[in-house]
Amino acid sequence: MKIVVLQSEALGGYLPYEEMIKEWQRQFEKMNGIDAVVYYKDFAPDNIGALIGDADAVLGLFIRDNTLDKDFFDKHPKLKYISTFSHGFGAFDAALTRERSVTITNTLYGDVTIAQYAMALLLDICHNIALHDDYYKNKIWDTPEKTNGPRIFSRQIELYGKTFGILGLGHIGLWTAKMARGFGMKVIAHSRTKKVGPQYDFIEQVPLDELLKRSDVISIHVPLTPESENLINKKTIAKMKDGVILINTARGALINETDLAEALNSGKVYAAGLDVLAGEPLQKKCPLMCCRNTKITQHIAWMPNEARIRTIQIAAENFKNWLCGHPTSVINA
């Protein structure tokens, strides 16, 4: 069996590429029936087909809308397993993949790390630590009053007792709920289907309109679909509390950015913490960057070293389970 691994370098350079490959090698040592593993560090949509070639399995394929079509599988007739390293994936013809006897899995690596980043955005909104750190280290010493001058330069917000609303109660949403509960917040959530099990007992599951009305903070953790695109818009924002805080670590197109910008500038939305924007990667500055009380980062919530290694471990475990005849994390069943 020939395997192609599309493993790019870790952005930022904090995790050496060699360490990731060594982790893959450790994982493959646990498996039988593998004849060859080929690793590719540099790849793009227009050359991936050539890299896959006659492989039986490809790990790390980014699934874009409608790329897994008849032409793709005609070019790769031996391919029987595809893994994407992300939680989310584009649209594809699941029936066609089943006809071709291809198993497709995703990799649920980022629940803890992305939830942590959502809370980091929220805490930065609540306290603006970098602003106060910079003043105390650098600017205060140039003022006549020095330490007798002002200490606070932004509103300080306590989370205890406030209501935290979660849109999308999947793996990441559940971990975010746990973290919010740790701050003493009342957690409510809305999901496409009601979640059942003891792990959800501390969460009050409510209709969307009720969540919008009651939440002091709203954190978005839903997949981007035609139904969820522009979920946050003028109408849904109007149903929110005045002064609500909005957090988005999911997909930028879940928010109508023009409507959010208007709400931020009017004060209807107090602040927004956004790790994602519509149209990424951006080619020019987004209007939200000029709004009051925004914290915006360049889609980096998923990047800790621990999460990169965990991605390899989970993807390898999914592949091993497929080899053993009991596939896990299947997205085309």
Heavy-atom pair with the smallest gap, counting every atom of [X] and [Y]:
X    : Y    : answer
S215 : V244 : O-CG2, 3.7 Å
H127 : S154 : O-OG, 4.1 Å
A263 : I237 : CB-CG2, 3.7 Å
A177 : I203 : CB-CD1, 3.7 Å
T176 : A115 : OG1-CB, 3.2 Å
L51  : V4   : O-CG2, 3.6 Å

Report yes if some heavy atom in the side chain of [X] is under 4.5 Å from a heavy atom in the side chain of [Y]; otherwise report no.
X    : Y    : result
I245 : I218 : no
L123 : F183 : yes
V112 : M179 : yes
L68  : I104 : yes
I157 : Y270 : yes
I255 : L246 : yes
V330 : N106 : no
I125 : N293 : no

Treating [X] as the side-chain partner and [Y] as the backbone partner, does any N or O pair qualify as donor plus acceptor under 3.5 Å?
X    : Y    : value
D133 : I129 : no
N230 : N233 : no
S191 : K194 : no
E204 : F202 : no
E280 : G252 : no
E229 : L254 : no
T294 : I296 : no
N265 : A261 : yes
N128 : F153 : no
T103 : P327 : no

Supply the atom-to-atom distance [X] [atom1] to [Y] [atom2], rounded to the nearest 0.5 angstrom.
X    : Y    : atom1 : atom2 : value
N332 : I82  : CG    : CD1   : 8.5 Å
K320 : Q313 : NZ    : CD    : 12.5 Å
L231 : I220 : CG    : CD1   : 6.5 Å
L108 : H87  : CG    : NE2   : 5.0 Å
Q25  : Q27  : CD    : CD    : 11.5 Å
K234 : E262 : NZ    : CD    : 3.5 Å

Please determine whether residues [X] and [Y] belong to a single hydrophobic cluster, defined as Ile, Leu, Val, Met, Phe, Trp and Tyr linked transitively by side-chain heavy-atom distances below 4.5 Å.
X    : Y    : value
L208 : V222 : yes
L212 : M185 : no
L288 : I300 : no
M303 : I314 : yes
L122 : W302 : yes

Validate the cation-pi geometry between [X] and [Y]: distance from NZ or CZ to the six-membered ring centre under 6.0 Å, angle to the ring axis within 45°.
X    : Y    : result
R308 : Y109 : yes
R100 : F73  : no
R64  : F92  : no

*Apply the test side-chain contact (heavy atoms from CB on, under 4.5 Å) to residues T84 and L61: give CA-CA distance (whole Å), side-chain angles for both, the deciding distance (0.1 Å), then the verdict.*
CA-CA 5 Å; T84 179; L61 182 67; 5.7 Å; no
*Residue pair N318, S83: steps toward the side-chain contact (heavy atoms from CB on, under 4.5 Å) verdict*: CA-CA 8 Å; N318 287 338; S83 166; 5.9 Å; no
_Neighbour count above 12 (heavy atom, 6.0 Å) for R98 CZ_ =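 Count over threshold, so yes.
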*For Q298, look at atom CD and say whether over 12 heavy atoms of other residues, nucleotides or ligands are found less than 6.0 Å away.*
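It does not: Q298 CD has 12 such atoms or fewer within range.
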*Going by side-chain heavy atoms closer than 4.5 Å, which hydrophobic residues are tied to W24, directly or by a chain of links?*
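ILVMFWY cluster around W24 also holds M1, I3, V5, L15, Y17, M20, I21, F28, M31, I34, V37, Y39, L59, Y81, F85, I309, I312, F319, W322, L323.
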*Scan for side-chain hydrogen bond (donor to acceptor under 3.5 Å, both in side chains) pairs involving residues 237-254, sequence neighbours excluded, and state none if there are none.*
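Found D209-K239, D216-K241, D242-K268.
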*asked:* Any salt bridge linking R214 with E210? Criterion: basic side-chain nitrogen under 4.0 Å from a carboxylate oxygen.
replied: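 Judged by the 4.0 Å cut-off on N to carboxylate O distance, R214 and E210 do form a salt bridge.
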*Short N-O contact, R26 and E23, less than 4.0 angstrom*: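 Yes, R26 and E23 are salt-bridged.
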Taking atom types as modelled and ignoring hydrogens, do the side chains of [X] and [Y] form a donor-acceptor contact shorter than 3.5 angstrom?
X    : Y    : value
Q205 : H190 : no
T328 : H326 : no
D275 : T297 : yes

*List the steps and the verdict of side-chain contact (heavy atoms from CB on, under 4.5 Å) for S8 and K41.*
CA-CA 5 Å; S8 59; K41 178 169 60 173; 5.7 Å; no
*List the steps, then state whether side-chain contact (heavy atoms from CB on, under 4.5 Å) holds for D259 with I232.*
CA-CA 8 Å; D259 293 350; I232 302 302; over 6 Å; no
*So, F72 versus H76, ring centres under 6.0 angstrom or not?*
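Ring-ring flag for F72/H76: true, centres closer than 6.0 Å.
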Would you mind writing out the side-chain donor-acceptor pairs for residues 159-174 within the sub-3.5 Å range, not counting sequence neighbours?
unit_1: K162; atom_1: NZ; unit_2: E158; atom_2: O; d: 2.7

